[in-house]
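The next block holds one structure in the form of structure tokens; read it before the comments.
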Amino acid sequence: MSSDIQTAEKALSFAELGLSQKVLSAVTDAGYTQPTPIQAGAIPYVLAGKDVLGIAQTGTGKTASFVLPMLTRLEKGRARARMPRTLILEPTRELAAQVEENFNKYGKNHKLNIALLIGGVSFDEQDRKLERGADVLIATPGRMLDHRERGKLLLNGVDILVIDEADRMLDMGFIPDIERICEMIPFTRQTLFFSATMPPEITKLTEKFLQAPVRVEVARAATTAETVTQRLVKSGTKPWDKRAALRDLIQEEDESLKNAIIFCNRKVDVSELFRSLTKHDFNAGALHGDMDQRARMTMLSNFRDGKLKLLVASDVAARGLDIPDVSHVFNYDVPIHAEDYVHRIGRTGRAGRSGKAFTLVTRADAKHLDAIEQLTGQAIEWKSGDLSTLAVTDSEDEAPRRGRGNAKRGGRRRSDNERHARRGTKSTEAAEPVAARPDDAENERRGRKDAIRSHNDERKATRGESKARGAKRPARNTDDDHEIVLGFGDDVPAFMRIPAKV
DNA sequence: AAAAAAC
């Protein structure tokens, strides 16, 4: 490859990058004409067999920058049993699934075998695909190593190795695994390495495992400030304060709110907030890493398809997930690490669209908020009044509106009553207003399907919607009686079992 | 103050 890479800055078309006809026609069918900078910069080198160090954020078209040329290169040759020809490592299961979708989309004119090796699902199908011979293996490190240790996977036929989201792999402690994996693959391979940032550990890794790499660096996609309107929203500290503040906010934003991701710092809070929103008749789903894999996939695909308007999520959803057209991001919690703030609000305002990001802030959050403003280099505006305008009571002694007569104390912890309350039990103990089902976590541990409340019309019809809509009535524990939880049993429709099409 | 990933 010669120097014409410089022209990447100008408007190159996909056809000029050297991709095969099969790939080009799939790209055209997908509606793309113009490569992004990372694509224009990396594709010619990938086609030429060079090692590439790509420094790019998600949302820059990074995935296609390796998927498209890999497809072209895979047209020659075929896979042998248990010896995949290419390997792509991803930090999370959802990202791995998303890359698989890209191979399906752009590889529709190819007859390639693609295997997705991720945790949380059965080995059998994955084994069958390996046995058949995979042209493309997409994996999270743990499951891939597991297959290998069982002797079901040979890595000495891998010609192209892709390490994606390397800095996130670092955050997640995957680097030792990555090093092991790199050492299992012949050094004659081509290595494509992607990272949004280059901390020293990552630089060291590239020095060790890349050979004379071409460095392709692209500016961050539109900076957050340009397409995302950010606001801070004051809130009391207590969970019920925060939930109420969030509900108010969602309702105020109703007009422009098409769909939203609501981020919590902790998984238990994801479950809790999800239950609460559902109880208040919001069309919501949940996503976090302790949910079973099928529920994760279902939630994500329903959110993408618009069947879910709100997705309550942990930071598993903060980076990389490609969900076009998210209108709002709500930070139910201020993220502990400032960089996560940038990733979270980056879920909206994508592809040149505008987006809104609201962050609930309590008195306790000052420190983390400072760090965020420092990182982004800008003060974020308050929506209406900062914390100094917050009522002093902070609902400390208000046993939340719907409490029982003898409710008292602020800062009541979840009582043992609640903790041991069983589903469907009519307790005379009024539950804390919108408290999560205390047994949520336990259900998940037991492998019960994470349930979502049905919002489809037939269900609504059966549950006396008008009653439920009478917003302001105090919540009683009899709420449980109206609550219809739709669990996904074994009769999940087939289309829900597969990852969403983008 | 957390999350993620293998069983």
Side-chain angles (χ1 to χ4, degrees), chain A residues 58 88-99 116-124 126-127 130 138-153 163-181 196 235 237-239 242 261-274 286-293 295-297 299-300 311-321 331-344 347 359-372 411 413 441 444-447:
Chain A
T58 39
I88 298 159
L89 295 172
E90 296 288 336
T92 69
R93 298 169 185 176
E94 276 75 14
L95 285 173
Q98 192 169 287
V99 171
L116 179 65
L117 306 189
I118 59 175
V121 293
S122 107
F123 277 88
D124 297 346
Q126 298 177 354
D127 267 344
L130 289 176
I138 304 156
T140 45
R143 179 57 71 96
M144 198 222 74
L145 288 168
D146 205 341
H147 275 282
R148 188 171 178 281
E149 274 152 27
R150 294 170 184 224
K152 301 285 189 179
L153 173 60
I163 297 162
D164 198 12
E165 303 265 336
D167 50 354
R168 192 165 182 208
M169 301 256 201
L170 174 71
D171 290 345
M172 292 170 63
F174 276 156
I175 296 305
D177 286 345
I178 298 299
E179 292 187 313
R180 271 178 68 203
I181 294 168
S235 165
T237 314
K238 301 296 176 207
K242 295 181 77 169
I261 304 179
I262 304 166
F263 285 103
C264 301
N265 285 356
R266 293 179 305 186
K267 289 176 284 201
V268 289
D269 293 327
V270 171
S271 301
E272 200 160 310
L273 181 59
F274 161 64
L287 184 68
H288 67 69
D290 281 353
M291 287 164 50
D292 75 72
Q293 193 55 31
R296 284 168 69 163
M297 291 293 192
M299 289 294 180
L300 195 54
L311 184 67
V312 187
S314 70
D315 279 318
V316 69
R319 301 199 206 186
L321 287 190
N331 287 313
Y332 179 79
D333 297 309
V334 177
I336 294 163
H337 292 304
E339 74 223 35
D340 288 333
Y341 176 82
V342 179
H343 289 296
R344 287 179 180 186
R347 297 305 97 206
T359 301
L360 293 190
V361 182
T362 70
R363 293 182 201 291
D365 296 323
K367 195 174 71 184
H368 297 308
L369 183 58
D370 283 350
I372 289 166
R413 296 189 155 216
E444 283 166 5
R445 237 177 290 121
R446 285 185 192 145

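Just so we're clear, the structure is a prediction, and the values are computed from it rather than from any experiment. The sequence lines fix the lettering, A, B, ..., with proteins before strands; numbering per chain opens at 1.
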Sidechain-backbone polar pair: [X] side chain, [Y] backbone, donor-acceptor under 3.5 Å:
X      : Y      : result
A:R347 : A:L321 : yes
A:S314 : A:V316 : yes
A:D365 : A:T362 : yes

### Query
Within the pair A:T140 and B:dA6, is there a side-chain N or O less than 4.0 Å away from OP1 or OP2?
yes
### Query
Does a nitrogen or oxygen in the side chain of A:K267 sit under 4.0 Å from OP1 or OP2 of B:dA4?
yes
Rounding to an integer number of Å, can you tell me how far [X] [atom1] sits from [N] [atom2]?
X      : N     : atom1 : atom2 : answer
A:M291 : B:dA5 : CE    : P     : 12 Å
A:D333 : B:dA2 : CG    : C1'   : 10 Å
A:I336 : B:dA2 : CD1   : C1'   : 5 Å
A:M172 : B:dA2 : CE    : C1'   : 12 Å
A:D290 : B:dA4 : CG    : P     : 6 Å
A:L95  : B:dA5 : CG    : C1'   : 12 Å
A:R148 : B:dA5 : CZ    : P     : 23 Å
A:H147 : B:dA6 : NE2   : C1'   : 10 Å

## Note on the structure
Sequence neighbours excluded, the answer for side-chain contact (heavy atoms from CB on, under 4.5 Å) partners of A:A371 is A:A338
### Message
My understanding is that only residues two or more places apart in sequence, or in another chain, count here; which of them pass side-chain contact (heavy atoms from CB on, under 4.5 Å) with A:D333?
### Response
A:K242, A:C264, A:N265, A:D269
### Message
Between the base of B:dA3 and the side chain of A:H288, is one N or O donor paired with an acceptor at under 3.5 angstrom?
### Response
no
Determine the contact category for [X]: base if any of its heavy atoms lies under 4.0 Å from a base atom, sugar-phosphate if only primed atoms, P, OP1 or OP2 are that close, otherwise nothing.
X      : value
A:R296 : sugar-phosphate
A:P335 : nothing
A:D146 : base
A:A364 : base
A:G173 : nothing

State which of [options] makes the closest approach to the side chain of [X].
X      : options             : value
A:R93  : B:dA2, B:dA6, B:dA4 : B:dA6
A:S314 : B:dA2, B:dA3, B:dA5 : B:dA3
A:D365 : B:dA4, B:dA1, B:dA6 : B:dA1
A:E94  : B:dA2, B:dA5, B:dA3 : B:dA5
A:T92  : B:dA2, B:dA4, B:dA6 : B:dA4

### Query
Within a strict 4.5 Å, meaning less than it, do heavy atoms of the A:Q126 and A:V121 side chains meet?
yes
